[in-house]
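The next block holds one structure in the form of structure tokens; read it before the comments.
Indexing begins at 1, ligand by ligand and atom by atom, following the structure's order.
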Amino acid sequence: MSQTTIESILQEKRLFSPPAEFSQQAYVRSVREYEQLYDKAKANPERFWAELAEQELDWFQKWDTVLDWQPPFAKWFVNGKINISFNCLDRHLTTWRKNKAALIWEGEPGDSRTLTYAQLHREVCQFANTMKQLGVQKGDRVGIYMPMIPEAAIAMLACARIGAPHSVVFGGFSAEALKDRLVDAQAKLVITADGGYRKDNIIPLKEQVDRALADNGVPSVQNVLVVQRTKQQIHMEPGRDHWWHDLQQGASADCPAEPMDSEDLLFILYTSGSTGTPKGVVHTTGGYNLYTHMTTKWLFDLKDTDVYWCTADVGWITGHSYIVYGPLSNGATSLMYEGVPRPSNPGCFWDVIEKYGVNIFYTAPTAIRTFIKMGEHLPKARDLSSLRLLGTVGEPINPEAWVWYHRIIGNERCPIVDTWWQTETGGHMIAPFPGAIPTKPGSATRPFPGIIADVVDLDGNPVSGEEGGYLVIKHPWPGMLRNVYGNPERYRSTYWEHIAPRDGQYFYFAGDGARKDEDGYFWVMGRVDDVISVSGHRLGTMEVESALVSHPSVAEAAVVGKPDEVMGESIFAFVTLEGNYSPSDTLIDELKKHVVKEIGAIARPGEIRFTDALPKTRSGKIMRRLLRNIAAGQEVAGDTSTLEDRSVLDKLRGGA
Ligand code: WT7
């Protein structure tokens, strides 16, 4: 996050009360009601969650233990039997919601489609049977590499229905990145499309899958299912590749949901950390269903009449929890949009809101900052009066963007729900109840009931004051990750050992710095590890460095985030070259392309600077702090006495 953002957040003192009309109709109407809920959950979290699990979800068989906590491993609703696809579909069919729109889809070239609960159920059942015919069984992992089309949600729900854990890989990731994830998950089936529309281009998804699978690159994959979307020529490997529409046609629509154990694997979703390859974050069935259900319902104040739109891609956790599972479990109408704002269609979001009368809108600060740049005449030219709640997620929101969102998009009527959470947390952790909690621009405010959040030092002692500390969670919650896929040691060391447990108290380490103010509001200040957030997408510096170093010209690379007005951060890479290469603009281009090929377009470095040497400590550790200062064009701050060779700094500042 940029220095100016931090400063403006630190100076922020404004308070916005929930609009009275909103509070009157909300599930939770006042600070007092919120505190009652919060205190009740705190006094007995297990009873709190058990009551909700019973009231809000359908179980095939009730659990016998609410929480089995063998730190740092948690099991929720032990021996309960449940299916999230059943909770998202079947149970609504016996109510008036049967013919209610479940998914409204707006396609990028202007096509659209609405699926009622009955229709979605039918498609999901047919597709589940299709997968079964291809030999997919309970427990088999399925890779999903799709554009934002209804089939992506259908595929996820069908996987959940038969108990085949999915691993969705964002369509913007490269063949290499896809391959790594499929290998780690040992996927048996891959579901993809011929191509996807993205910003006036077509991304060749199937071609990337072919590349990932070439030379038996992912031995576990037996079949590939292909949705026809863009209709360009693609290769279909005989015996391996099948068209979705061919197989779907003959498939039976009778497919009862498999009773899953509460703790059965629901999905794996890969995310970047400060070290090593991306981690497969493990989410299981029962707790995740409950947690996404409750947070969607309460924090978005979701009502049956709402049209709800989350602009994320299903390739990220936000899409999993808040396009598919949370909203559908609540029987809501969830809108899915294939497009992204771009110069050729800058008002597209506002068109969609107007067209469908969207009531609840959930997007990211980077998008809001893009809209600010595009100008307020665009939203002002549309009728946005249907909106009643605005959400934000992905990174700290700078108060200027918050106030613009409130004023220009929300017309000062809509509560702003700033949701702090992570891939690992499954759902929202800190966010204002919209009818209850007065908001402060830049603060995600107060934790969800059952979430014991704190800001502590490395010994686990609470810290107060503006310097802040580390954001931790002190009690397990139903939506928490259960493990890192295939790597319990990494789970332990990444999340539970930064702050050593003491007296039986464990600290979930989020990797974020934060402070808590005198009203108990949390202000998340950004990552404290080597993770960069580019347009709200998490990237490990080490991943980008490894991609650079895999190019023959690169001897060593160090990557840092550079503050960026729109993206939050952009990637700045310092590179030393092998002896027989010399710096040039052509090489810069080539290296950028190389990173895109290795990881995907989201990892394209904004800047690459060649240097003879990197600033290192005497023990050989790269001093990133200094590089961050240089990238930002700031004076090098703080102590440099551990630097091995001080002349390196002057050269770096001088540029190439
Ligand atoms: C990281 C998690 C949660 C879905 C999207 C990103 C940052 C997320 C906020 C917020 C301040 C935020 C944190 C967090 N973050 N939301 N409202 N305020 N920071 O999921 O890729 O797992 O990234 O995003 O740094 O640790 P993710």
> Thinking salt bridges, do Lys179 and Glu176 make one under a 4.0 Å N-O criterion?
Replying inline: no
Within 4.0 Å of some non-hydrogen atom of Thr318, the atoms of ligand 1 are 4 (C), 5 (C)
Any heavy atom of Ile317 under 4.0 Å from ligand 1? The part involved is side chain
When Trp420, Phe300, Trp298 are each screened for ring pair (Phe, Tyr, Trp, His ring centres under 6.0 Å) with His428, the one that passes is Phe300
key: Pairing of Glu569 and Arg527 as salt bridge, 4.0 angstrom limit   = no
Please state whether the rings of Tyr325 and Tyr288 are parallel, tilted or perpendicular, taking 30° and 60° as the class boundaries.
perpendicular
Among Met525, Arg527, His428, closest by heavy atom to atom 1 (C) of ligand 1 is Arg527
Give yes if a backbone or side-chain nitrogen or oxygen of Asp418 is under 3.5 Å from a nitrogen or oxygen of ligand 1, and no if not.
-> yes
of all protein heavy atoms, closest to atom 25 (O) of ligand 1 is Asp512 OD1, 2.6 Å
Would you say the ring centers of Trp49 and Tyr291 fall short of 6.0 Å from each other? yes
N or O contact, Ala444 vs ligand 1, cut-off under 3.5 Å = no
The single option from Asp512, Thr271, Ile317 that satisfies side-chain contact (heavy atoms from CB on, under 4.5 Å) with Gln422 is Asp512
In this structure, atom 24 (O) of ligand 1 is nearest to the protein heavy atom Gly394 O, 3.2 Å
for atom 9 (C) of ligand 1, nearest protein heavy atom and its distance come out as Glu395 N, 3.5 Å
Any heavy atom of Gln422 under 4.0 Å from ligand 1? The part involved is both
Residue, atom and distance of the protein heavy atom nearest atom 21 (O) of ligand 1 read Arg538 CD, 3.3 Å
Please work out whether the ring planes of His406 and Trp402 are parallel, tilted or perpendicular, with thresholds of 30° and 60°. parallel
### Task
Measure from the side-chain N and O atoms of Thr284 to the backbone N and O of Glu263, and report whether any donor-acceptor pair falls under 3.5 Å.
no
Exercise for review: May I ask whether Gly511 places a heavy atom under 4.0 Å from ligand 1?
Suggested key: no
Quick note on ligand 1: atoms under 4.0 Å from a heavy atom of Thr419 include exactly 9 (C), 10 (C), 16 (N), 17 (N)
Atom 2 (C) of ligand 1 has as its nearest protein heavy atom Trp421 O, 3.7 Å
| Lys/Arg cation over aromatic Tyr34: Arg446, 6.0 Å, 45° cone | no
Nearest non-hydrogen contact to atom 11 (C) of ligand 1 from the set Gly513, Ala431, Pro396 belongs to Pro396
The option among Thr423, Thr392, Thr271, Val524 carrying the non-hydrogen atom nearest to atom 22 (O) of ligand 1 is Thr423
* Asked: Met156 versus Phe267: any side-chain heavy-atom pair under 4.5 Å?
  -> no
